[in-house]
J.: 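Okay, here's the structure, questions in a sec.
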Amino acid sequence: MGGVGAVFASWNGKRAIEYRRIENIPDEWGTAVNVQAMVFGNMGDDSCTGVAFTRNPGNGENKFYGEYLVNAQGEDVVAGIRTPAPINQYSKNDQSKHLVTLEKFMPEQYKELDDIQQRLEKHYKDMQDIEFTIEKGKLYMLQCRVGKRNGVSAVKMAADMYKEGQIDGETAIMRVGPNQLVELLLPMFDPAIEKTHKVIAKGLPAGPGGAVGRVVFSSEEAVEWASKGEKVILVREETSPEDVDGMHKSEAILTTKGGMTSHAALVARGWGKCCIVGCSEISIHEKEKYFLTKDGKKVKGGDYISLNGTKGTVYEGSLPLIDVDLNKNQSYKQLMTLVDKYKTMGVRTNADTPKDVEQATYFGAEGVGLFRTEHMFYGEGSDKPLFLLRKMIMSDTESERKSALNELFTFVKRDIKATLEVMKGNAVTIRLLDPPLHEFVPHDKAKLQELSKELGVSMSILNRRILALHENNPMLGHRGVRLGVSYPEITEMQVRAIFEAAAELQLEGVKAFPEIMIPVTCGRHELTHQKVIVDRVYEETVEKLKVKKSLICS
């Protein structure tokens, strides 16, 4: 009974609590104990133990995949202390290619195991993680469970099992979690640049994607550095459950021992994290905080390294990352076809630039749910429009404000037109300027002097105007609709830019469907006030550009 009690007590262990936090498992669920007879894989050379998967958990291929150790117990396989042998030819890798497969070593037992794994998958209709032991030539099945898989594998397995008739379309869709779809977008290294960098070590590709980070040698270091905003790569001989917090905080994991069924590989696969295991080409000196490559290169703690978890290669320094082209992923395209078949609603994106909108459309967005106009004043190419916005904010009279708004109009219309053009008739909800104005005021002395000169006022007057904009609670202050009520010309400029952009696209034969959002309204009277401006500008635009009143705007 002591063993049973230990399992129940482990529920409140530090690593169990941390794992539940990461996986969002409620504490009150509790745990269970399965009591079964022991069998031993360490009874000699006619005994072994292993872990296998009915499909490859790394890439999703419909191939029986696994590893085993002769004269060993189950913990030896996942601990990564010894390099396991492949169960069949398909399971071989660079580290195990010289080892005898279970299929050759124990052909009868392998055939029995292969038959069982096929029956298990057919019964459960999902990829199974299998643990087995052969004691004195007799095969024992210890357990099977739904196998963990990364995002790439999850999508491929779901699409393949649907095509094979094992599962229906709705089940295939539900087999892939939101986070697993995100994993498909994991950046990779630019192949052209990767070719120019020397591989300093190679291991087993246990978790896909590329990762760049600083080397750390303990879970505690990983947590500490990550809390400071540093991207880290955890480098260990092998990992254990005590390392889960540091593994979770790391960008990637690199171990010198273990195979594709080791603890590091299993955990990383479940989280969709870049991981390389069994990298015996490096030797770790943990106390001195460095590792050596096979050619003697010394990589110290804090140095940058780059990992290609798809190939199992390690590089010195930081390699640039690029986005993945999903058009080349046939399984993803097949799954998305199923999604379109079963969906009950469309999805819009939140996007603030034409480039972001184009990317969202590529991923299947059917419109823009929120286009925040103030974001055109951030980022690349925003210096001129931001200066004009600041000029408008610092204006003291209506004529000054209108002059700045007239200059700003061209930039606002340009960005809105580009966004509407990308959406090709799908709705775009455009929110009028919302943030507190003081957020856009420059703090740099040179920029303040430039603004002072442009407005023709002294620095002291400009500073007084800036001080007047400050608010104790800007979230409830002079922003959104209240800004439009105080300065109707601000609403008018934005609305005119929206209508003219849509009308010009219509005249060019491009469908456009803008929707205008008046932000932070509290009462009907505010919306009524703004609608008068919107209706007037609409009529003026129709007259000016000689377009039909089929220009739709909500």
Side-chain angles (χ1 to χ4, degrees), residues 3 6-7 10 15 34-54 56-58 64-117 120 128-145 147-148 203-204 206 236-243 253 255-270 275-280 283-284:
V7 173
S10 70
R15 70 193 190 197
N34 182 35
V35 181
Q36 63 188 67
M38 282 289 290
V39 289
F40 300 92
N42 57 355
M43 301 291 281
D45 289 343
D46 58 353
S47 303
C48 66
T49 189
V51 177
F53 300 86
T54 58
N56 189 327
F64 188 30
Y65 181 89
E67 297 170 325
Y68 77 104
L69 280 172
V70 176
N71 196 22
Q73 282 295 84
E75 280 300 311
D76 297 333
V77 180
V78 296
I81 297 169
R82 292 164 55 189
T83 300
I87 61 169
N88 52 26
Q89 193 68 26
Y90 174 77
S91 303
K92 284 191 172 186
N93 54 54
D94 288 344
Q95 275 69 28
S96 65
K97 60 186 177 184
H98 63 288
L99 300 175
V100 179
T101 66
L102 182 65
E103 188 175 12
K104 282 188 176 181
F105 184 58
M106 296 182 176
E108 290 183 17
Q109 291 85 349
Y110 174 81
K111 185 178 185 308
E112 185 182 3
L113 178 64
D114 191 26
D115 290 341
I116 291 171
Q117 67 91 8
L120 286 171
Q128 297 298 299
D129 174 350
I130 300 166
E131 293 185 20
F132 66 92
T133 289
I134 297 174
E135 180 184 290
K136 296 291 184 180
K138 183 174 176 58
L139 174 66
Y140 293 90
M141 303 302 297
L142 305 185
Q143 72 170 10
C144 78
R145 58 190 171 187
K148 291 186 179 295
L204 304 179
R236 304 278 286 160
E237 286 195 350
E238 67 260 355
T239 64
S240 70
E242 282 79 10
D243 296 316
I253 302 149
T255 69
T256 60
K257 297 179 180 178
M260 296 293 276
T261 55
S262 64
H263 177 267
L266 292 170
V267 172
R269 212 152 37 227
C275 178
I276 297 174
V277 298
C279 186
S280 57
S283 59
I284 298 174

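Basis for what follows: all heavy atoms, side chains included, without hydrogens, waters or symmetry-related copies.
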J.: Where the side chain of T101 meets the backbone of K104, is there a donor-acceptor pair that is under 3.5 Å apart?
T.: yes

J.: Parallel, tilted or perpendicular: which one describes the rings of Y90 and Y65, with boundaries at 30° and 60°?
T.: perpendicular

J.: Could you state the interatomic distance from CG (N42) to CG (L69), rounded to the nearest 0.5 Å?
T.: 11.5 Å

J.: So, D46 side chain and G137 main chain: donor-acceptor pair closer than 3.5 Å or not?
T.: no

J.: Just by modelled atom types, is the A264 backbone N or O under 3.5 Å from a matching donor or acceptor in the T239 side chain?
T.: yes

J.: Measure the shortest side-chain to side-chain distance between L113 and F64 over non-hydrogen atoms and say whether it is less than 4.5 angstrom.
T.: yes

J.: For the residue pair A206 and A265, what are the closest heavy atoms and their distance?
T.: CB-CB, 3.7 Å

J.: Using side-chain contact (heavy atoms from CB on, under 4.5 Å), reason through I130 and M141 one step at a time and then give a plain yes or no.
T.: CA-CA 8 Å; I130 300 166; M141 303 302 297; 3.1 Å; yes

J.: Walk me through it: do F105 and V70 pass the test side-chain contact (heavy atoms from CB on, under 4.5 Å)?
T.: CA-CA 10 Å; F105 184 58; V70 176; 3.7 Å; yes

J.: State, yes or no, whether a side-chain contact exists between I276 and L204 at a heavy-atom distance under 4.5 Å.
T.: no

J.: Is there a donor-acceptor contact under 3.5 Å from the side chain of Q73 to the main chain of G41?
T.: yes

J.: Tell me the closest heavy-atom pair linking V277 and S262, and the distance in Å.
T.: CG1-OG, 3.9 Å

J.: Would you say the side chain of Q109 lies within less than 4.5 Å of the side chain of C48, judging by non-hydrogen atoms?
T.: no

J.: If you count every heavy atom of other residues, nucleotides or ligands that lies below 6.0 Å from E108 atom CD, does the total exceed 12?
T.: no

J.: Nearest 0.5 Å, please: how far is OH in Y110 from CD1 in I87?
T.: 5.0 Å

J.: Distance from M38 atom CE to E135 atom CD, nearest 0.5 Å?
T.: 9.5 Å

J.: Evaluate side-chain hydrogen bond (donor to acceptor under 3.5 Å, both in side chains) for S240 paired with E242, printing each intermediate quantity in order.
T.: CA-CA 5 Å; S240 70; E242 282 79 10; 2.8 Å; yes

J.: Thinking salt bridges, do E103 and K111 make one under a 4.0 Å N-O criterion?
T.: no

J.: Testing the basics here: between M43 and N71, what is the closest heavy-atom pair and its distance to 0.1 Å?
T.: N-OD1, 3.5 Å

J.: Inspect the contact between K148 and D129 and indicate whether a charged nitrogen and a carboxylate oxygen are less than 4.0 angstrom apart.
T.: no

J.: Let me see the working for R269 and V267 under side-chain contact (heavy atoms from CB on, under 4.5 Å), right down to the final yes or no.
T.: CA-CA 5 Å; R269 212 152 37 227; V267 172; over 6 Å; no

J.: With a 3.5 Å distance limit and no angle check, can you tell me whether T256 reaches the backbone of C279 through a side-chain donor-acceptor pair?
T.: no

J.: Under the 3.5 angstrom rule, does the side chain of S47 hit a backbone N or O of K136 as a donor-acceptor pair?
T.: yes

J.: Mark yes or no for whether E238, through its side chain, and K257, through its backbone, hold a donor-acceptor pair below 3.5 Å.
T.: no

J.: Any donor and acceptor pair, going by atom type alone, linking the side chain of E67 with main-chain N or O of M260 inside 3.5 Å?
T.: yes

J.: So how far is it from S280 OG to E237 CD, rounded to the nearest 0.5 Å?
T.: 11.5 Å

J.: For the residue pair K92 and L99, what are the closest heavy atoms and their distance?
T.: CE-O, 3.7 Å

J.: For S91 and G66, indicate whether the former's side chain and the latter's backbone hold a donor-acceptor pair under 3.5 Å.
T.: yes

J.: Side chains of F132 and L102: closer than 4.5 Å at any heavy-atom pair?
T.: yes

J.: Measuring only between side-chain heavy atoms, which start at C-beta, is L142 closer than 4.5 Å to V39?
T.: yes

J.: Could you tell me whether R145 sits above the aromatic face of F53, with NZ or CZ closer than 6.0 angstrom to the six-membered ring centre and within 45 degrees of the axis?
T.: no

J.: Do you know the tightest heavy-atom contact between N93 and Q95?
T.: OD1-N, 2.9 Å

J.: Stepwise, does the side-chain hydrogen bond (donor to acceptor under 3.5 Å, both in side chains) test hold for T49 with T133?
T.: CA-CA 4 Å; T49 189; T133 289; 3.3 Å; yes

